[in-house]
Number of protein chains: 2
Amino acid sequence: MLSKKSQYAFRALTYLAEHFEEGPVAISEIAKKKKIPIKFLESILLQLKKENILESKKGKGGGYFLKLKPNQIKVAAVVRIVNGPISMLPCVSLYFYKRCKDCDRKKCGLKDVMTEVRDATLNILENRTLSDLLV
Amino acid sequence: MLSKKSQYAFRALTYLAEHFEEGPVAISEIAKKKKIPIKFLESILLQLKKENILESKKGKGGGYFLKLKPNQIKVAAVVRIVNGPISMLPCVSLYFYKRCKDCDRKKCGLKDVMTEVRDATLNILENRTLSDLLV
DNA sequence: TATTCCCCTACTTGTTTGGTAGGATAATAG
DNA sequence: CTATTATCCTACCAAACAAGTAGGGGAATA
């Protein structure tokens, strides 16, 4: 399951996508329009900035805006930043790989199944962008 | 990510699948062979019994055994029991559905994407059984 | 009737989730 | 230059969950 934080992140990002090229949008505006606790949203946007999804401008007239065009920001990337691994097992994760001690064995049936799931999931999430969320 | 508990569950179930029709297998044996904390394993197996995956026999010579043949126990069912929802959003879950307030809107792009992911995932997990995990 | 093994309740410890509070810092308008 | 606006940063908090532990009760069997 996506955390509440992740759902907030997607709501905020779709708002920013809708207002792309209208200049910076203040946190307070997003919080109000999308009904997200402002301080919590603040930390989420900050994180997305550090991970190069967002850009910000300080002072009056400042706010946040997308660093790239909406159709260049993949859903998969956002999920990884805000929610963590997409795979169901550490030993099949591409970005959060951790070997498990069972990986010693030549074959692990569970791993094979979860690799399939990962591929099917990524096939979708890597090919959908913020634009696709706008409807 | 699957919890450690889920991974224990799959390891225990594959062990039971390997020893299917050899009669009941004691918790202590599974715990030892698969290196799972015995008390923790106990609670997992009990839960799987309550959910009709396992059957048990008490007293000497007792233990746990699969209620159905390995090829009749779906990976999806085990995940749901031991790990919870498979979907990435409550509002797209088949077994753990909860509407979100955003579902008021006619269209939700995120929901659409996550529905696709759910279908792709279930297409795999509903069609793999314990037999597939044995290799 | 003793042993074996499942069954059940309760507790603990550590981490994650979903926040809140308060101020520092930078940019801009006047 | 200074007030205002808005991001940035640190710290804290409560509740929930994860991953176990402890200890005994109760059924079946030899």
Side-chain angles (χ1 to χ4, degrees), chain A residues 1-12 16 23-67 79 81-85 88-90 96 98 100, chain B residues 1-12 16 23-67 79 81-85 88-90 96 98 100:
Chain A
M1 281 274 178
L2 292 182
S3 62
K4 216 164 174 181
K5 178 180 171 185
S6 303
Q7 298 177 49
Y8 286 155
F10 277 111
R11 283 208 270 155
L16 289 175
V25 182
I27 298 178
S28 55
E29 181 185 334
I30 307 174
K32 199 171 190 179
K33 289 286 175 60
K34 290 293 186 174
K35 284 168 191 155
I36 303 171
I38 188 166
K39 280 300 206 173
F40 194 29
L41 178 59
E42 219 180 292
S43 69
I44 297 168
L45 298 183
L46 201 53
Q47 191 183 354
L48 287 168
K49 186 199 168 185
K50 283 178 181 150
E51 299 287 347
N52 290 304
I53 300 291
L54 296 178
E55 200 86 71
S56 69
K57 202 184 164 219
K58 286 186 176 181
K60 188 160 195 178
Y64 279 97
F65 51 99
L66 300 179
K67 196 164 185 176
V79 171
I81 289 168
V82 139
N83 205 69
M88 300 189 82
L89 289 177
F96 299 83
K98 278 217 144 198
C100 59
Chain B
M1 282 273 178
L2 293 182
S3 61
K4 217 164 174 182
K5 177 180 171 185
S6 304
Q7 297 177 50
Y8 287 156
F10 276 111
R11 283 208 269 155
L16 288 174
V25 181
I27 299 177
S28 55
E29 181 185 332
I30 306 173
K32 200 171 189 179
K33 289 288 175 59
K34 290 294 186 173
K35 283 169 191 154
I36 303 170
I38 189 165
K39 281 300 209 174
F40 195 28
L41 177 59
E42 221 179 291
S43 69
I44 296 168
L45 298 184
L46 201 52
Q47 193 184 352
L48 287 168
K49 185 199 168 183
K50 281 176 182 152
E51 299 287 346
N52 291 305
I53 301 290
L54 296 179
E55 199 85 72
S56 68
K57 201 180 164 223
K58 285 185 175 180
K60 189 161 196 177
Y64 279 98
F65 51 97
L66 299 179
K67 196 165 185 176
V79 171
I81 290 169
V82 138
N83 205 71
M88 299 188 83
L89 288 177
F96 299 83
K98 279 216 144 196
C100 57

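Throughout, protein chains are lettered first and strands after them, A, B, ... in sequence-line order, and every chain is numbered starting at 1.
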Any side-chain N or O of A/Y8 below 4.0 angstrom from OP1/OP2 of C/dG19? yes

With sequence neighbours excluded, what pairs up with B/K33 under the side-chain contact (heavy atoms from CB on, under 4.5 Å) test? B/Y15, B/E29

Specify the closest pair of heavy atoms between A/Y64 and A/L16, including all atoms of both residues, with the distance to one decimal. O-CD2, 3.6 Å

How many Å lie between NZ on A/K4 and C1' on C/dG19, as a whole number? 10 Å

Under 3.5 Å, sequence neighbours excluded: what are the donor-acceptor pairs made by side chains of residues 36-47 of chain A?
| from | atom 1 | to | atom 2 | distance (Å) |
| --- | --- | --- | --- | --- |
| A/S43 | OG | A/F40 | O | 2.7 |
| A/Q47 | OE1 | A/K5 | NZ | 3.0 |
| A/Q47 | NE2 | A/I81 | O | 3.1 |

For the atom pair CZ (B/R11) and OG (B/S6), what is the distance rounded to the nearest 0.5 Å? 12.0 Å

Name the atoms and distances for all side-chain donor-acceptor pairs under 3.5 Å in residues 48-55 of chain B, with sequence neighbours left out.
| from | atom 1 | to | atom 2 | distance (Å) |
| --- | --- | --- | --- | --- |
| B/K49 | NZ | B/S56 | OG | 3.2 |
| B/N52 | OD1 | B/K67 | NZ | 2.8 |

Who are the ring pair (Phe, Tyr, Trp, His ring centres under 6.0 Å) partners of A/F65, not counting sequence neighbours? none

Could you tell me from which nucleotide to which nucleotide of DNA chain D, 5' to 3', there is an atom under 4.0 Å from chain B heavy atoms? D/dA19 to D/dT29

To the nearest 0.5 Å, what is the distance between NZ on B/K34 and CD on B/Q7? 13.0 Å

Has B/K49 got a side-chain N or O lying under 4.0 Å from the OP1 or OP2 atom of C/dC7? yes

Would you mind telling me which residue lines up with the more 5' stretch of DNA chain D, B/N83 or B/G61, judged by nearest nucleotide? B/N83

I'd like to check the side-chain hydrogen bond (donor to acceptor under 3.5 Å, both in side chains) partners of B/S28; sequence neighbours left out, ordered by chain and number. none

So, for A/P24 and A/G62, which heavy atoms are closest and what is the spacing to 0.1 Å? CB-C, 3.6 Å

Can you check the A/Q7 CD to C/dT17 P distance for me, whole Å? 13 Å

Contacts to DNA chain C from residues 27-48 of chain B, heavy-atom cutoff under 4.0 Å, which residues? B/I27, B/K39, B/E42, B/L46

In B/S/- notation (B base, S sugar-phosphate only, - none; protein heavy atoms under 4.0 Å), nucleotides 24-30 of chain C written 5' to 3' is --SBS--

